[in-house]
Amino acid sequence: MLQLPFIRDNKETVLAGLRKRHFPNADATVEQVLALDQQRRDTQRELDDILAQSNAKAGQIGALMKAGDKTAAEAAKVETASLKARSKDLADTLRQLEADQQSVLVTLPNIPHTSVPEGRSAEDNEVVLEHGEKPTLHAGAQPHWELIKKYDIIDFELGVKISGAGFPVYKGKGARIQRAMINFFLDEALKAGYIEVQPPIVVNEDSGFGTGQLPDKEGQMYYVTEDKLYLIPTAEVPITNIYRDVILPENQLPVKNVGYTPCFRREAGSWGAHVRGLNRLHQFDKVEIVRIEKPGNSYAALEEMSQHVQGLLQKLELPYRVLRLSGGDMGFTSALTYDMEVWSAAQQRWLEVSSVSNFETYQANRLRLRSKVEGKMQLLHTLNGSALALPRILASILENNQTSAGIRIPSVLVPYCGFDTIS
RNA sequence: GGAGAGAUGCCUGAGUGGCCGAAAGGAACAGUUUGCUAAACUGUCGUACUGGCAACGGUACCGAGGGUUCGAAUCCCUCUCUCUCCGCCA
């Protein structure tokens, strides 16, 4: 959520940012927020004034009672009645104005960083770099959904029986390579100084709001109505919410956490072409890195996280590219996002396997995550990135590393899974 | 799930209607003293909104939300959570 004083003082910056995102009705919305803010402040001022008068009267009455002057006290009580009625009205008005203001404020996305490319969609994303050689496959090479059947390592039909489409069952070497990747990713993060956490994988409404999934992405999460809990779409939600309502001592910064969790996404309305096999699932595994940084350091941290993710892809020997998302394609809460995509040789397309973002103070404002930096209380910056999401990595390994003899496991994973070939 | 107890500032903990934004101790921070460390002493030590160039003010907050009252941390109601005991259980 954008900070109100920031909108007040930087209206043009905010408007320019919203335009970059192609946010509809930017001008009207900002005007509305500012008008509500003015009303709110006027009301609060008036209310505070009335309350100050009431407090003074109450003090006087107390003094009179103590002095035993009942008559004067009773007379003073009568005078408080109108103040009381007025303050009640004003308090109601204030509450309403705050609620109205909040409801508009939550519809405003984050302001994009200056380096974010102009654009409406994924077409306009900037390719920052491409790394590695796209492999040439042997004749008869197959897409991963054929390979998993051929080697019997993932069973979609079985998942349908147990749960539904998009909930695959990993079997044998399929299950073992998943476990291997999780451990590999976690170990690499530990080496990079991240502290491992195991958060809950269902969260309450406050948590969903804190990181910005609610109210924006309500329909994308599975919801347990009986207990009012959401299945997490990413570990970002529970891990970042560890720091909700927290004032971190400056010497504890930066915070670097890593966690492995399953992730659940309803993906309502997004099924169609290009979603075969592992390309899009309702449940998948992901290792996530989360950082909390002082404002001045967050972009350096973002680059470091990008390098970390790229390091993983290099070690896995997968051709990849890095995109800087355009204003129109970026997530609601992000100020700058890099997407990492691996090459899927049989599908002949890039698959997103990581998204690394700096949210600046957008989440911190909702989370009330602050620190006293140089004596001044201020919102911190939150960042996170997938390091990495498993299914598409697996898809890419299967497709890129297939030979007529079987699938070669990247050497870095061999110690983790205990085999070097799927055949 | 049943019964009981409780929720106060970074922590412990006092506070049962006005003198309480809140005692006291601890921690932390700054300074004095000191060969270093420690100790001792002194000071600082909540957050949010809001007015003001500032100095300095106003308001709110003692789990959350309502209520009683001129006045609520303190009384009443509802909810949430925590702890103890019992039950169930990976």
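Each chain gets a letter, A, B and so on, in the order its sequence line appears, and its residues count up from 1.
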*Asks:* Taking any strand in view, what nucleotide pairs with B:C88 in a Watson-Crick or G-U wobble way, both distances under 3.5 Å?
*Replies:* none
*Asks:* B:C45 C1' sits how many Å from A:I247 CD1, rounded?
*Replies:* 13 Å
*Asks:* Pair up each side-chain donor or acceptor in residues 412-423 of chain A with any protein partner under 3.5 Å, not counting sequence neighbours, and list the distances.
*Replies:*
| unit_1 | atom_1 | unit_2 | atom_2 | d |
| --- | --- | --- | --- | --- |
| A:Y416 | OH | A:D187 | OD2 | 2.7 |

*Asks:* Quote, to the nearest angstrom, the C1' distance that separates B:U42 from B:C53.
*Replies:* 34 Å
*Asks:* Does A:W350 have any ring pair (Phe, Tyr, Trp, His ring centres under 6.0 Å) partners at least two apart in sequence or in another chain, and if so, which?
*Replies:* A:W343
*Asks:* Counting distance only, does the side-chain N/O of A:S386 pair as donor-acceptor with the main-chain N or O of A:S355 below 3.5 Å?
*Replies:* yes
*Asks:* Do any N or O atoms from the side chain of A:D49 and from the backbone of A:R45 form a donor-acceptor pair under 3.5 angstrom?
*Replies:* no
*Asks:* Across nucleotides 62-81 of chain B, 5' to 3', mark each nucleotide with B, S or - according to how protein heavy atoms within less than 4.0 Å reach it.
*Replies:* ----SS-BBS----------
*Asks:* According to the Watson-Crick and G-U wobble definitions, with both distances under 3.5 Å, which nucleotide is paired to B:A60?
*Replies:* B:U47
*Asks:* Please check this pair: side chain of A:R21 against backbone of A:N110, looking for a donor-acceptor N/O pair closer than 3.5 Å.
*Replies:* yes
*Asks:* Provide, to the nearest angstrom, the distance between the CG atom belonging to A:D42 and the C1' atom belonging to B:U59.
*Replies:* 16 Å
*Asks:* Go ahead and name the base partner of B:A55; Watson-Crick or wobble counts if both distances stay under 3.5 Å, otherwise write none.
*Replies:* none
*Asks:* Does A:R41 put a side-chain nitrogen or oxygen below 4.0 Å from OP1 or OP2 of B:G51?
*Replies:* yes
*Asks:* Quick check on B:U47: is either OP1 or OP2 less than 4.0 Å from any side-chain nitrogen or oxygen of A:K372?
*Replies:* yes
*Asks:* On a whole-Å scale, what distance lies between the C1' atoms belonging to B:A38 and B:A54?
*Replies:* 43 Å
*Asks:* Paired with B:A38 by Watson-Crick or G-U wobble geometry, both distances under 3.5 Å: which nucleotide is it?
*Replies:* none
*Asks:* For nucleotides B:A64 and B:G52, find the distance between their P atoms and express it as a whole number of Å.
*Replies:* 30 Å
*Asks:* Fit a plane to each ring of A:H282 and A:Y222, take the angle between them on a 0 to 90° scale, and name the class: parallel (under 30°), tilted (30 to 60°) or perpendicular (over 60°).
*Replies:* perpendicular
*Asks:* Would you mind pulling out the nucleotide paired to B:C75, Watson-Crick or G-U wobble, both distances under 3.5 Å?
*Replies:* B:G67
*Asks:* B:U33 pairs with which nucleotide, Watson-Crick or G-U wobble, both distances below 3.5 Å?
*Replies:* none
*Asks:* For A:Q44 and B:G51, what is the distance between atoms CD and P respectively, to the nearest whole Å?
*Replies:* 8 Å
*Asks:* For B:U33 versus B:A72, give the span between their C1' atoms, rounded off to a whole number of Å.
*Replies:* 47 Å
*Asks:* Of all the nucleotides listed (B:U47, B:G58, B:U50), which has the minimum atom distance to the side chain of A:R8?
*Replies:* B:U50
*Asks:* To the nearest Å, how far apart are A:L369 CG and B:A48 P?
*Replies:* 13 Å
*Asks:* Is any side-chain N or O of A:R370 closer than 4.0 Å to OP1 or OP2 of B:A48?
*Replies:* yes
*Asks:* Does B:C83 have a Watson-Crick or wobble mate here (both distances under 3.5 Å), and if so which one?
*Replies:* B:G4
*Asks:* With rounding to whole Å, what would you report as the distance between B:C10 and B:C29 at their C1' atoms?
*Replies:* 13 Å
*Asks:* Assuming nearest nucleotide by heavy-atom distance, tell me which of A:A52 and A:Q38 is located more 5' along RNA chain B.
*Replies:* A:Q38
*Asks:* Given A:D285, which of A:P262, A:C263, A:P391 fulfils the side-chain contact (heavy atoms from CB on, under 4.5 Å) condition?
*Replies:* A:P262
*Asks:* In whole Å, I'd like the distance from the CD1 atom of A:I50 to the P atom of B:A60.
*Replies:* 13 Å
*Asks:* Could you give the CD-to-C1' distance, from A:Q3 to B:U50, as a whole number of Å?
*Replies:* 17 Å
*Asks:* For A:L379 and B:C49, give me the distance from atom CG to atom C1', rounded to whole Å.
*Replies:* 15 Å
*Asks:* Measure from the side-chain N and O atoms of A:E126 to the backbone N and O of A:L325, and report whether any donor-acceptor pair falls under 3.5 Å.
*Replies:* no
*Asks:* Looking at every strand, decide which applies to A:R40 at a 4.0 Å heavy-atom threshold: base, sugar-phosphate, or nothing.
*Replies:* sugar-phosphate
*Asks:* Between B:A73 and B:G63, how many Å separate the two P atoms, rounded to a whole number?
*Replies:* 10 Å
*Asks:* Got a donor-acceptor contact below 3.5 angstrom from the A:H144 side chain to the A:S396 backbone?
*Replies:* no
*Asks:* Just name whichever nucleotide pairs with B:C19, Watson-Crick or G-U, keeping both distances under 3.5 Å, else none.
*Replies:* none
*Asks:* Taking atom P in both B:A24 and B:U78, what distance in whole Å separates the two?
*Replies:* 37 Å
*Asks:* With rounding to whole Å, what would you report as the distance between B:G21 and B:G26 at their P atoms?
*Replies:* 25 Å
*Asks:* In whole angstroms, how far is the P atom of B:A28 from the CG atom of A:N251?
*Replies:* 12 Å
